[in-house]
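Before any comments, here is the structure.
Values reported hereafter were calculated over all heavy atoms of this structure, with side chains retained and with hydrogens, waters and symmetry mates removed. Each residue takes its place number in the sequence, starting with 1.
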Amino acid sequence: CGGCPLRMSREKAESSSSVFNPLSLWHLIRQSEYDYDTTIVDEAHTVLNMLRMLSSSTRKLTQEEFAALRAKGFNTRRVDEWILVDFLLERAAILYDRAASATSLRTQSRLENRALEFEHTAQCIQQESEKYAIWFTGRQMNIQATRVPKNTIKKILKGRCILLSATLVKSDINEILNNEPYEYLDLASPIPVDSRRVYFNPSSFKHNYTEMRPKALARRIETIIKAEGKPNTLLHVPYGLARQMEGYWTLPVIQHDQESKPEALKKFIKDGGVLIGSGCTEGLDLKDDICRLNIIAKIQWPCLGDSWVKKRRAAQDGNM
């Protein structure tokens with residue numbers, strides 16, 4: 001419907017309500033210059049990835065687009081950012097023209113969205129090319145923001161901005177607000193300290209799934225659960241590792257796949273025990289005795305060979 005991915009969000013916006021899905025808000029701003037003076041962002045720890053995503057372009061170019069890029073003298077192994085900017089702006093103009101003559105609303109929206117993506121990414125690179133990691137794999141174009149460009153922040157977080165989160169660190173705030181001055185209100189947790197103790201007990205497992213030794217990991221986890229008095233426990237491991245550990249449990253555990261997750265969660269809330277919480281991130285309300293112990297058995301690490309990681313590490317605070 002006119003480029004907005006969610007119809008209800010569009011209707012709320014046009015009726016002067018102020019609650020938006022982030023992508024719907026982005027489309028509305030870019031299409032009709034919707035104006036507002038205060039932005040309130042809940043779960044603000046997730047907004048950085050959203051703003052970087054809206055500033056990036058990762059897609060496979062068509063053969064026509066790739067040929068046009070190479071015709072400009074562009075070398076995918078040694079990226080010339082200004083040739084790429086010129087190409088993106090040129091393609092955006094072509095896509096806008098095609099959208100104007102499209103025979104269906106769906107085709108028009110698809111072409112306009114692609115044109116808007118190319119145009120905005122090009123404008124961000126023009127202003128702050130140092131904030132980008134750019135590489136090609138064949139015709140796959142990867143233009144990823146390592147920091148949120150000012151251009152995106154100005155378009156999304158206009159005027160006053162209120163960020164709400166239980167896990168927002170100050171380095172994230174500085175990036176979101178582009179080092180503008182801000183007031184910081186830190187509220188005490190309503191949960192008693194004794195009910196939210198954190199144990200940091202790193203293991204000697206290597207950064208390789210084949211060396212994770214699922215049997216030893218299962219034994220280690222069961223030792224922790226038994227030492228705590230066998231409380232209702234949520235165990236965070238990826239699906240693949242959960243499958244490897246499946247035959248090694250001596251305690252009863254509740255396992256699931258992507259389809260059976262809701263049923264597993266209902267069983268855990270009703271009966272308790274140990275829930276293998278693969279793919280569980282936000283939105284679970286397991287208060288009081290429903291869940292007394294969280295175990296994070298596997299933490300993701302960045303690939304040091306990734307172009308985005310290399311570019312971000314090269315920044316002044318890159319090691320963070």
For Ile254 versus Lys267, what's the shortest heavy-atom pair and its separation?
CD1-CG, 4.0 Å
Rounded to the nearest 0.5 Å, how far apart are CG of Leu265 and OG of Ser260?
11.0 Å
Side-chain contact test, heavy atoms from C-beta onward, threshold under 4.5 Å: evaluate it for Leu116 versus Tyr96 and give yes or no.
yes
Does Glu64 pair with Arg98 as a salt bridge, N-O distance under 4.0 Å?
yes
Nearest heavy-atom approach of Pro231 to Thr233 is O-OG1, 2.8 Å
Could you tell me whether Arg147 and Glu128 make a salt bridge, using a distance below 4.0 angstrom between a side-chain N and a carboxylate O?
no
Can you tell me if Asp172 uses its side chain to pair, donor with acceptor, with the backbone of Leu168 under 3.5 Å?
no
Measuring from atom CD of Glu228 to atom CD1 of Ile295, what distance do you get when rounded to the nearest 0.5 angstrom?
8.5 Å
Between Asn174 and Ser171, is there a side-chain donor-acceptor contact under 3.5 Å, judged purely by atom types and distance?
no
In Å and rounded to the nearest 0.5 Å, what is the CD1 to CG distance from Ile94 to Leu111?
11.5 Å
In terms of heavy-atom contacts, does CZ of Arg196 have more than 12 from other residues, nucleotides or ligands at under 6.0 Å?
yes
Side-chain heavy atoms under 4.5 angstrom apart, residues restricted to Ile, Leu, Val, Met, Phe, Trp, Tyr: same cluster for Phe74 and Val85?
yes
Do the side chain of Thr46 and the main chain of Ala44 share a donor and acceptor less than 3.5 angstrom apart?
no
To the nearest 0.5 Å, what is the distance between CG on Leu88 and OG1 on Thr121?
6.5 Å
Looking only at atom types and distance, does a side-chain atom of Ser278 sit under 3.5 Å from a main-chain N or O of Val237, one as donor and one as acceptor?
yes
If I compare all heavy atoms of Thr62 with all of Arg139, which pair ends up nearest, and what's the gap?
C-NH1, 3.6 Å
Side chain of Ser104, backbone of Thr107: donor and acceptor closer than 3.5 Å?
yes
Between Glu43 and Ser165, a side-chain donor and acceptor under 3.5 Å
no
Spell out, as yes or no, whether a donor-acceptor pair under 3.5 Å connects the side chain of Glu222 to the backbone of Leu251.
yes
Report yes if the side chains of Ile134 and Ile125 come closer than 4.5 Å at any heavy-atom pair, otherwise no.
yes
Once rounded to the nearest 0.5 Å, what's the spacing between atom CG of Leu234 and atom CG of Leu286?
6.5 Å
With a 4.5 Å cut-off on side-chain heavy-atom distances among I, L, V, M, F, W and Y, is there a chain of contacts connecting Leu275 to Ile290?
yes
Say whether Gln144 and Ser56, considering side chains only, have a donor N or O and an acceptor N or O under 3.5 Å apart.
no
Hey, any chance Val274 and Leu241 share a hydrophobic cluster, counting ILVMFWY side chains that come within less than 4.5 Å of each other, even indirectly?
yes
For Leu84 and Ile143, the nearest pair of non-hydrogen atoms, with its separation, is CD2-CD1, 3.7 Å
Please indicate whether Lys261 has more than 12 foreign heavy atoms, meaning atoms of other residues, nucleotides or ligands, lying under 6.0 Å from its NZ.
yes
Just by distance, no angles: are the side chains of Glu112 and Gln108 close enough, under 3.5 Å, to form a donor-acceptor pair?
yes
If I compare all heavy atoms of Gly273 with all of Phe268, which pair ends up nearest, and what's the gap?
O-CE1, 3.4 Å
Indicate whether the side chain of His236 and that of Asn294 have a donor and an acceptor atom separated by less than 3.5 Å.
yes
Test Leu164 against Val41 for side chain to side chain contact (heavy atoms under 4.5 Å, CB included), laying out the working first.
CA-CA 6 Å; Leu164 307 171; Val41 183; over 6 Å; no
Using the rule given for side chain to side chain contact (heavy atoms under 4.5 Å, CB included), can you reason through Ile176 versus Ile153, listing the C-alpha separation, both sets of side-chain angles and the distance that settles it, and then say yes or no?
CA-CA 7 Å; Ile176 296 168; Ile153 295 170; 6.0 Å; no
Assess whether a salt bridge exists between Arg312 and Glu175, defined as any Lys/Arg side-chain N lying under 4.0 Å from an Asp/Glu carboxylate O.
yes
Centres of the Tyr239 and His256 rings: under 6.0 Å?
yes
Keeping the roles fixed (side chain from Ser129, backbone from Gln126), state whether a donor-acceptor pair exists under 3.5 Å.
no
Enter the distance from Ser55:OG to Glu117:CD here, rounded to the nearest 0.5 Å.
11.0 Å
Decide if the gap between the ring center of Phe66 and the ring center of Phe87 is smaller than 6.0 angstrom.
no
Side chain to side chain contact (heavy atoms under 4.5 Å, CB included) evaluation trace for Arg313 with Trp308:
CA-CA 9 Å; Arg313 285 190 73 206; Trp308 187 92; over 6 Å; no
Working for side chain to side chain contact (heavy atoms under 4.5 Å, CB included), residues Leu217 and Met245
CA-CA 8 Å; Leu217 184 59; Met245 298 167 68; 3.9 Å; yes
Leu89 and Leu69: same hydrophobic cluster, using ILVMFWY side-chain contacts below 4.5 Å?
yes
When you check the side-chain N and O atoms of His120 and Thr152, is any donor under 3.5 Å from an acceptor?
yes
Could you tell me whether the side chain of Phe136 reaches within less than 4.5 Å of the side chain of Asn142, counting heavy atoms only?
no
Is it true that Arg70 and Glu65 have a side-chain N and a carboxylate O under 4.0 angstrom from each other?
no
Evaluate whether atom NZ of Lys150 has more than 12 neighbouring non-hydrogen atoms of other residues, nucleotides or ligands under 6.0 angstrom away.
no
Taking the side chain from Arg91 and the backbone from Ala115, do they hold a donor-acceptor pair closer than 3.5 Å?
no
Mind checking whether Met53 and Phe118 sit in one hydrophobic cluster, side chains of I, L, V, M, F, W, Y counted as touching below 4.5 Å?
no
With a 3.5 Å distance limit and no angle check, can you tell me whether Arg110 reaches the backbone of Arg114 through a side-chain donor-acceptor pair?
no
Both conditions, 6.0 Å and 45 degrees, for the charged tip of Lys311 above the ring of Tyr132: are they met here?
no
Atom of Trp135, atom of Thr137 and distance for their closest heavy-atom approach:
CD1-OG1, 4.0 Å
Lys72 atom NZ: more than 12 heavy-atom contacts under 6.0 Å
yes
Would the distance check show the side chain of Trp249 and the main-chain N or O of Arg219 forming a donor-acceptor pair, the cut-off being under 3.5 Å?
no
Arg292 side chain to Asp288 main-chain N or O, any donor-acceptor pair under 3.5 Å?
yes
For Gln63, does the CD atom have more than 12 heavy-atom neighbours from other residues, nucleotides or ligands under 6.0 Å away?
no
